[in-house]
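Worth knowing before you read on, the calculation uses all heavy atoms, side chains too, and leaves out hydrogens, waters and symmetry mates. Position 1 is the first residue of the sequence, and the numbers go up from there.
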Amino acid sequence: SVDEALLALVDNNVDGVGFLPQHIGQTFAELELKENLTQYTFSLPQYTALFFNQESNPVIADISVRQALALATSKHQIIDTAFAGFAESVDAPILPGMVGYDSSLPKILFDPAQAEQILDEAGWDRVYPEELNETDESDTPAIEGNTNLGIIPEEPTYYTRQKAIAKDGKSEITTLEINLTTIQKEKNIKVAEIIRNLWQRVGVKVNLNIVELSKIQKDIINPRAYEV
């Protein structure tokens with residue numbers, strides 16, 4: 001265990017330990033002062049990202065929606081909350097130090113007000129709870145995304161959005177609703193929760209789909225059975 005490894009380090013039974021969980025950073029900092037230890041950190045060439053399957057949902061195929069979602073996503077909040085600050089914000093899959101990295105590419109800043117404006121101008125009309133109550137008799141609030149973990153959003157979503165979208169030659173009223181899939185791992189679930197809460201604040205209904213790690217490749221990625 002991590003505790004046993006740290007104890008062995010303090011007792012000089014090992015010369016060092018590596019790849020320690022981020023949550024013990026404070027514990028190690030205290031040990032540095034008491035035991036004359038040195039901590040080294042380094043960046044791994046990997047990134048965490050959202051992947052959009054535009055063929056799975058006409059909502060995602062709308063470029064204005066994808067632009068709004070990017071603006072409504074606070075990378076710094078995700079880094080601080082889910083990664084304890086041990087991560088950096090990136091704007092492209094080619095990372096600093098890799099061949100082809102371009103530091104001049106435009107960066108997308110967190111701007112929920114602009115996200116709302118983009119959705120408004122794209123015809124995604126705001127529908128407030130009192131309007132939903134007139135037509136929806138379901139006991140489950142239509143403005144809250146569902147999750148198979150029973151996770152309750154930190155804050156309520158005060159409105160959702162609808163738009164008439166052409167399908168099979170007919171115009172249908174479509175709710176701005178997205179299914180967000182991730183693996184059953186604490187850190188990934190925390191990131192998904194943050195994203196859900198941020199997106200719902202600009203009127204996007206988000207349902208979380210948590211999948212076992214052993215099933216994600218076969219059941220979700222290979223058949224492209226996901227939206228985001």
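Put simply, the side chain of Ile210 reaches to within 4.5 Å of the side chain of Thr182, judged on heavy atoms. Side-chain contact check for His76 versus Phe110: every heavy-atom pair is 4.5 Å or farther apart.
Ala225 approaches Asp219 most closely through the heavy-atom pair CB-O, 3.6 Å. The two residues Val59 and Trp124 have their closest heavy-atom pair at CG2-CH2, 3.8 Å. Among all heavy-atom pairs drawn from Asn53 and Tyr226, the shortest one is ND2-O, 3.0 Å. Nearest heavy atom pair, residue Val90 against residue Lys75, reads O-NZ, 2.7 Å. Scanning all heavy atoms of the two residues, the minimum distance from Ser104 to Asp102 falls at OG-OD1, 2.5 Å. Nearest heavy atom pair, residue Glu227 against residue Glu177, reads OE1-O, 4.3 Å.
Under the side-chain contact (heavy atoms from CB on, under 4.5 Å) criterion, Ala115 pairs with Ala68, Leu71, Ala72, Val202, sequence neighbours left out. Checked against side-chain hydrogen bond (donor to acceptor under 3.5 Å, both in side chains), Thr73 has the following partners two or more places apart in sequence or in another chain: Trp199.
Counting only N and O atoms by type, the side chains of Gln200 and Tyr159 include no donor and acceptor under 3.5 Å apart. Looking at Arg66 and Gln54, their side chains do bring a donor and an acceptor atom within 3.5 Å of each other.
Across Thr174, Asp120, Thr175, a single residue satisfies side-chain hydrogen bond (donor to acceptor under 3.5 Å, both in side chains) together with Arg161, and that is Asp120.
Side-chain N or O atoms of Thr81 include none that pairs as donor or acceptor with a backbone N or O of Ile78 at under 3.5 Å. Here the side chain of Asp62 pairs a donor or acceptor atom with the backbone of Ser64 at under 3.5 angstrom.
From Glu212, atom CD reaches atom NZ of Lys185 across 15.0 Å, with rounding to the nearest 0.5 Å. Here the CG-CG distance, from Asn207 to Leu180, works out to 9.5 Å after rounding to the nearest 0.5 Å. Note that CD1 of Ile220 and CD1 of Ile183 are 12.0 Å apart. Values are rounded to the nearest 0.5 Å. Here the straight-line distance linking atom OG1 of Thr160 with atom OH of Tyr128 works out to 11.0 Å at 0.5 Å rounding. With rounding to the nearest 0.5 angstrom, the CD atom of Gln114 is 11.0 Å from the CG atom of Leu119. Remark: Asn222 CG to Lys218 NZ distance equals 10.0 Å, nearest 0.5 Å.
Within a 6.0 Å sphere centred on CG of Asp15, heavy atoms belonging to other residues, nucleotides or ligands number 12 at most. Other residues, nucleotides and ligands contribute at most 12 non-hydrogen atoms within 6.0 Å of the CD atom of Glu88.
Two different hydrophobic clusters hold Ile118 and Ile165 under the rule that ILVMFWY side chains link at heavy-atom gaps under 4.5 Å. Val17 and Leu7 are not part of a single hydrophobic cluster, where members link through side-chain heavy atoms under 4.5 Å apart. The hydrophobic clustering, which links ILVMFWY residues whose side-chain heavy atoms are closer than 4.5 Å, places Leu69 and Val228 together. Met98 and Tyr47 fall within the same hydrophobic cluster, defined by Ile, Leu, Val, Met, Phe, Trp and Tyr side-chain heavy atoms under 4.5 Å apart, directly or through other members.
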Assess whether side chain to side chain donor-acceptor pair (under 3.5 Å) is satisfied between Asn179 and Asn209, documenting all intermediate values.
CA-CA 7 Å; Asn179 294 318; Asn209 179 32; over 6 Å; no
Check against side-chain contact (heavy atoms from CB on, under 4.5 Å), Phe86 and Ile79:
CA-CA 7 Å; Phe86 288 93; Ile79 291 171; over 6 Å; no
Go through the steps to decide whether Leu213 and Gln184 satisfy the test side-chain contact (heavy atoms from CB on, under 4.5 Å), and finish with yes or no.
CA-CA 6 Å; Leu213 180 59; Gln184 194 168 2; over 6 Å; no
Are Ile195 and Leu50 close enough, and set up right, to give a side-chain contact (heavy atoms from CB on, under 4.5 Å), and what steps lead you there?
CA-CA 10 Å; Ile195 293 172; Leu50 293 166; 3.9 Å; yes
Apply side-chain contact (heavy atoms from CB on, under 4.5 Å) to the pair Ile178 and Val204, showing each step before the final yes or no.
CA-CA 7 Å; Ile178 293 174; Val204 182; 4.0 Å; yes
